[in-house]
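Encoded as C-alpha cells, the structure appears first; notes follow it.
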Amino acid sequence: MGLLNKLDDPYYGGGIILGTLEDVLNWGRSKSDWYLQFGLACCAIEFMAVNASHFDFMRFGCIPRTSPRQADFMIVSGTVTMKMAERIKTLYEQMAEPRYVISMGSCANCGGPYWEHGYHVLKGVDRVIPVDVYVPGCPPRPEALEEGMIKLQKMINEQAIFNKRKRLREAEEKEKSVSDVVLSQN
Amino acid sequence: MGELKKVDFEYSQLNSERMRLNVGPQHPSTHGVLRLEVELDGEIVTEVVPHIGYLHRCFEKHCENMTYPQVIPYVDRMDYICSMNNELPYVMGVEKMLGIEVPEKVEYIRVIFSELNRIANHQIAIATFGLDAGAFTPFLYLFRDREFILTIFEKASGGRLLYNYFWVGGLAHDVHPTFKEDIRWIVKRVKETNKEIADLLLYNKIFIERTANVGILPADVAINYGCSGPVARGSGLPFDLRKDAPYSIYDRFDFNVVTGRGEVGTVGDCWDRNIVRFHEIEESCRIIEQALEQMPDEGDVREKLPKKIRPPQGEIYSKAENPKGELGFYIVSNGKDKPERVKGRGTSFVNLSVLPEISKGYLFADLIMILGSIDIVLGEVDR
Amino acid sequence: MIEQEIYNKLKEHFGDAIVELKEAPPSDPFIQVNPERLQDICLYLRDEGDMLFDYLSNLSGMDLAENLGVVYHLYSMKYKHTIVLKVTVSKENPNVPSVERIWRTADWHEREAYDLFGVIFEGHHNLIRILNPYDWEGYPLRKDYKTPEEYHGIKVPY
Ligand code: SF4
C-alpha cells in the first residue's frame, strides 16, 4: 500500500507520512499477524518446513501462537475429520475478532483425495468455519503457502475499519458500473 | 483476633484429589492431533488414556474402492514423513503376488531412496524431539538438511513430500542424470550435520538431564506390546527386519543394527531411543554409499511395469522396516483389479499403545518427552 | 519351524479345534482354527519351547460376505518364523475370544476390528470404538455399509 514508499519520496520527504489512519492501522495489522498453530496432517509437515530455515515464515511477521486467544488468523493445514470438526469450530470461536482463516491443501479445501469414499472426512473446512484464502495443492509447496499469506495481507490492507457502510456502498456501485459496462459491451 | 490454634497433622494424611487433564487434540507438543486424557496426582502422572482417531481418513475403505496402482498415493499419505518407505512393502507385496522380479537397478534405487527417506524421517524425529525439550536451534539445522534431501526426491519424482514413485514392477521414472553426485554430496552433508547435532543436542547436559532415566521400556514389555523400530531397539532388542527377514536386496549390504546400551542412563529410556535414531542415520549413510558403488548404470526402470495388475486370488502379508518400525500390509486379492482388503499395520499405531504403560509415575513434563521419543505420525496411527 | 510342523503339533494337541492348513503359493499359508479354543491355542503358541510366538505383528478383521473373520499374524523373536491364524464367525453372532491378555498389543488391534467390523472380542477389558467417534453408528468396513447423510448436523457426503 506504499506507506513506506512515501518516506523516500522526494515530494513527501522529511519524515512526514501522509495517509489515512485506516492505512496505518491496516499496515500494522497486516504486517504482524500471529497465527494459531493448527497442524493436522501431511500438509502440516510442509507447514513446518515453511516455518524452518529455508522459507522462514517469520519474515512475514507471523509468529506461531499456541492459544487461539492470541491469534489473528489460523492456518488449517490438513484433513479435517468429523471427530475434529467440532474442535475446529470451538477454536475458531475462541479467536478474537477480526480473525481470518487460511485453508491449506486440497483436504481442507474440499476433502482432497478423500472426497469420495471418506466416510469420516469433512469435505472442506468451509462447512464449519468461514475461510478467507484457499491454498490448493496436495500438499501445496511452501511457496504456495507464502503466496496465500501475501493474499491475506492484501486482503487485510484493503479492509475498511471506519465508514464501513459507505465503503461497502461505494464498492457495490463500482461493481455495478463495471458490470453495466460489460453488459452494454455485450 | 484470638490466637491461632496449633494443628497437628501429617502431610501424608492430606487428602489430595486426583486431577484429570485434557491434552490435545490441538496442543503444541502432541505430534499431530492426538488427545491424551491424563490423570495427575500433583505433578505425577498416574494414568494416561490416549484418544485417537482425529485423523481417521478411511484408508482401508479407499483401498477397497481403488485399483492396485491407485492405492499407492493413499499409502503415501499414511506415514507422510517417510512416504518412500511406505510404498516399498506395498509394492513388494503386490509384486510377490504377481510373481514379478524387478530389475537390479530398480532395487538399488529403491534401497537408496528408502534409506534417504529414513534419514529425513530421523532428522524430523530428532528435531521435533529437541523442540519438545525446548531446543529450537537443532530444528533449524536439521530442517535445512532435510530440505536438500527433499530436493533430490523432487528431482526424481516431482513431489516434495508425497511421491508416488515406486510402482508395481518398477519406478515411475528413471532418476535424473546427476543422481549419484547429488547423493554423494548429501551424504557428506548429513554426516557433518550429524556431528553438529551430537554436540548441540544429544550430548548436551541439559538434554541428558531431561531424557535419561525417563520413560524406561524394558525389552519384554516392548515385545509384548508389539513395539518395533527404534522404540524396540532402544530397549536393547536387536529387532530389525532388514536383518531378520531380509527383503529387497538388503542382504547385500554391510550395516549394524543399532541398539540402546544405556550410555547415560538406563537401557530403554528416552535418550536411548534417540541415540538409536542418531546412529541409524549413520548406518543409512553407509548403506547408501555401498549401494551407490554397486548400482548398475544400465537398465530400464519401466520395463517390468505390468500392463494389467490383477493378482491371482490369495493373500499376503508384506512387511518392511519403516523408520518407525515394522510396517506391514495385509493384502487380500479376489482376482479382480481392486483389492478385496488392504490392512495397514501402522507402526505408530502399535508403538503408541505402549505410552500408557511407560509414562506412569513420571512427571507431567516427562510425559511430553516420552511421547516425543516414541516418534509417532498420526496419519499412520489413525490411517 | 515350517508351517507343516507347527500344524502337526497343534493338531496333536488340540485335535478338532484346528481345522486345516492351507498352502497355495505365492499366498502365505495359514491355519484355520475354531474360535472356541483360540485362547488356549494362542497361549500354547506363545509359550511352547520350540515355537515362542511372542510377537503379534498384526491382527485384522475381515468381511467374508456371510461371515466375519479375524486374522492373526504371529512372529517369533527368537526363531524368526511366522505363522498366520484365522478364525471365522457368523455375522449374527460375531463373538471371538480376546487375546489381549496374551499379547498386550492386541488391545488396540481388537478395538479397531470392533470399530470397523463389529467383531466382538469376549473378555476384552475395554471394548469401545477407537478410530471413529464414540457415538458413530454402523461398522464402516463391512461391505454393505452406507455412508451416513449427516453427523452432528454436518453433511457427510461430498
Ligand atoms: S491435501 Fe494432500 S498433503 Fe494435504 S493433508 Fe490432504 S492428503 Fe495430505
Side-chain angles (χ1 to χ4, degrees), chain A residues 36-56 58 64-68 71 74 76-92 94 105-107 111-122 137-144, chain B residues 24-33 35 51-66 70 73-74 76-83 120-121 124 127-128 131 136-137 139-148 150-151 154 159-162 164 377-380 382-383:
Chain A
L36 175 67
Q37 274 186 350
F38 207 83
L40 288 169
C42 354
C43 282
I45 305 297
E46 281 299 70
F47 182 46
M48 264 159 78
V50 178
N51 265 314
S53 28
H54 257 236
F55 298 97
D56 190 16
M58 277 192 198
R65 304 310 296 180
T66 46
S67 155
M74 163 166 156
V76 181
S77 51
T79 320
V80 186
T81 57
M82 291 296 159
K83 219 173 176 178
M84 201 66 204
E86 282 158 34
R87 272 86 183 168
I88 288 200
K89 202 163 174 210
T90 319
L91 283 170
Y92 178 75
Q94 282 173 4
S106 316
C107 278
Y114 304 96
W115 71 274
E116 199 179 357
H117 305 291
Y119 52 84
H120 190 241
V121 176
L122 183 69
C138 180
R141 291 186 60 87
E143 291 90 340
Chain B
Q26 194 272 331
H27 189 270
S29 58
T30 56
H31 292 226
V33 280
R35 185 176 145 222
H51 294 269
I52 63 173
Y54 289 93
L55 195 54
H56 178 44
R57 298 193 281 193
C58 333
F59 164 73
E60 284 154 32
K61 191 83 180 172
H62 282 87
C63 292
E64 288 170 15
N65 292 298
M66 301 283 161
Q70 280 175 340
Y74 291 93
D76 273 345
R77 280 156 184 75
M78 256 176 76
D79 184 349
Y80 34 76
I81 292 181
C82 45
S83 305
N121 173 78
I124 285 202
T128 49
L131 217 53
F136 194 65
T137 321
F139 170 77
L140 295 177
Y141 278 46
L142 287 168
F143 262 71
R144 178 195 63 196
D145 269 30
R146 181 175 170 270
E147 217 47 65
F148 294 125
L150 294 193
T151 316
E154 199 181 345
R160 274 169 53 87
L161 195 65
L162 308 164
N164 189 9
V377 160
L378 261 293
E380 207 184 7
D382 299 338
R383 280 154 288 143

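Chain identifiers are assigned alphabetically (A, B, ...) following the order of the sequence lines, protein sequences preceding nucleic acid strands; residue numbering begins at 1 within each chain. Fair warning: this is a prediction, and the values are worked out from it, not measured in the lab.
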Please state whether the side chain, the backbone, both or neither of [X] comes within less than 4.5 Å of a heavy atom of chain A.
{"X": "Ile81(B)", "answer": "side chain"}
{"X": "Ile52(B)", "answer": "backbone"}
{"X": "Glu154(B)", "answer": "side chain"}
{"X": "Thr128(B)", "answer": "side chain"}
{"X": "Leu378(B)", "answer": "neither"}

- Residue pair Arg57(B) / Thr79(A), side-chain donor-acceptor N/O under 3.5 Å: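 Result is yes, a qualifying pair exists.
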Name the option with the most non-hydrogen atom pairs under 4.5 Å to chain A; the candidates are [options].
{"options": "Phe59(B), Phe143(B), Tyr80(B)", "answer": "Tyr80(B)"}
{"options": "Arg160(B), Glu64(B), Arg146(B)", "answer": "Arg160(B)"}
{"options": "His62(B), Arg77(B), Met66(B)", "answer": "His62(B)"}

Region of [X] in contact with chain B, defined by heavy-atom distances below 4.5 Å:
{"X": "His54(A)", "result": "side chain"}
{"X": "Leu91(A)", "result": "side chain"}
{"X": "Met82(A)", "result": "neither"}
{"X": "Ala41(A)", "result": "both"}

- Which atoms form the tightest heavy-atom contact between Asp382(B) and Gly53(B), and what is the distance?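 Scanning both residues, the minimum pair turns out to be OD1-N, 3.0 Å.
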- Task: Taking all non-hydrogen atoms of both residues into account, name the closest pair between Ala85(A) and Leu122(A) and its distance.
- Result: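 Closest heavy-atom pair between Ala85(A) and Leu122(A): CB-CD2, 4.0 Å.
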- Message: Is there a side-chain contact between Met84(A) and Arg87(A) in this structure, where contact means two heavy atoms from C-beta onward sitting under 4.5 Å apart?
- Response: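 The answer is yes; the side chains approach within 4.5 Å.
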- Task: Can you measure from OH (Tyr141(B)) to OG (Ser53(A)) and round to the nearest 0.5 angstrom?
- Result: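 Answer for the OH-OG pair, Tyr141(B) versus Ser53(A), is 10.0 Å.
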- How many angstroms lie between atom OG1 of Thr81(A) and atom CD of Glu86(A), to the nearest 0.5 angstrom?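 Thr81(A) OG1 to Glu86(A) CD: 10.0 Å, rounded to 0.5 Å.
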- Message: According to salt bridge (charged side-chain N to carboxylate O under 4.0 Å, His left out), who are the partners of Asp79(B), at least two apart in sequence or on a separate chain?
- Response: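 By the salt bridge (charged side-chain N to carboxylate O under 4.0 Å, His left out) rule, Asp79(B) matches Lys324(B).
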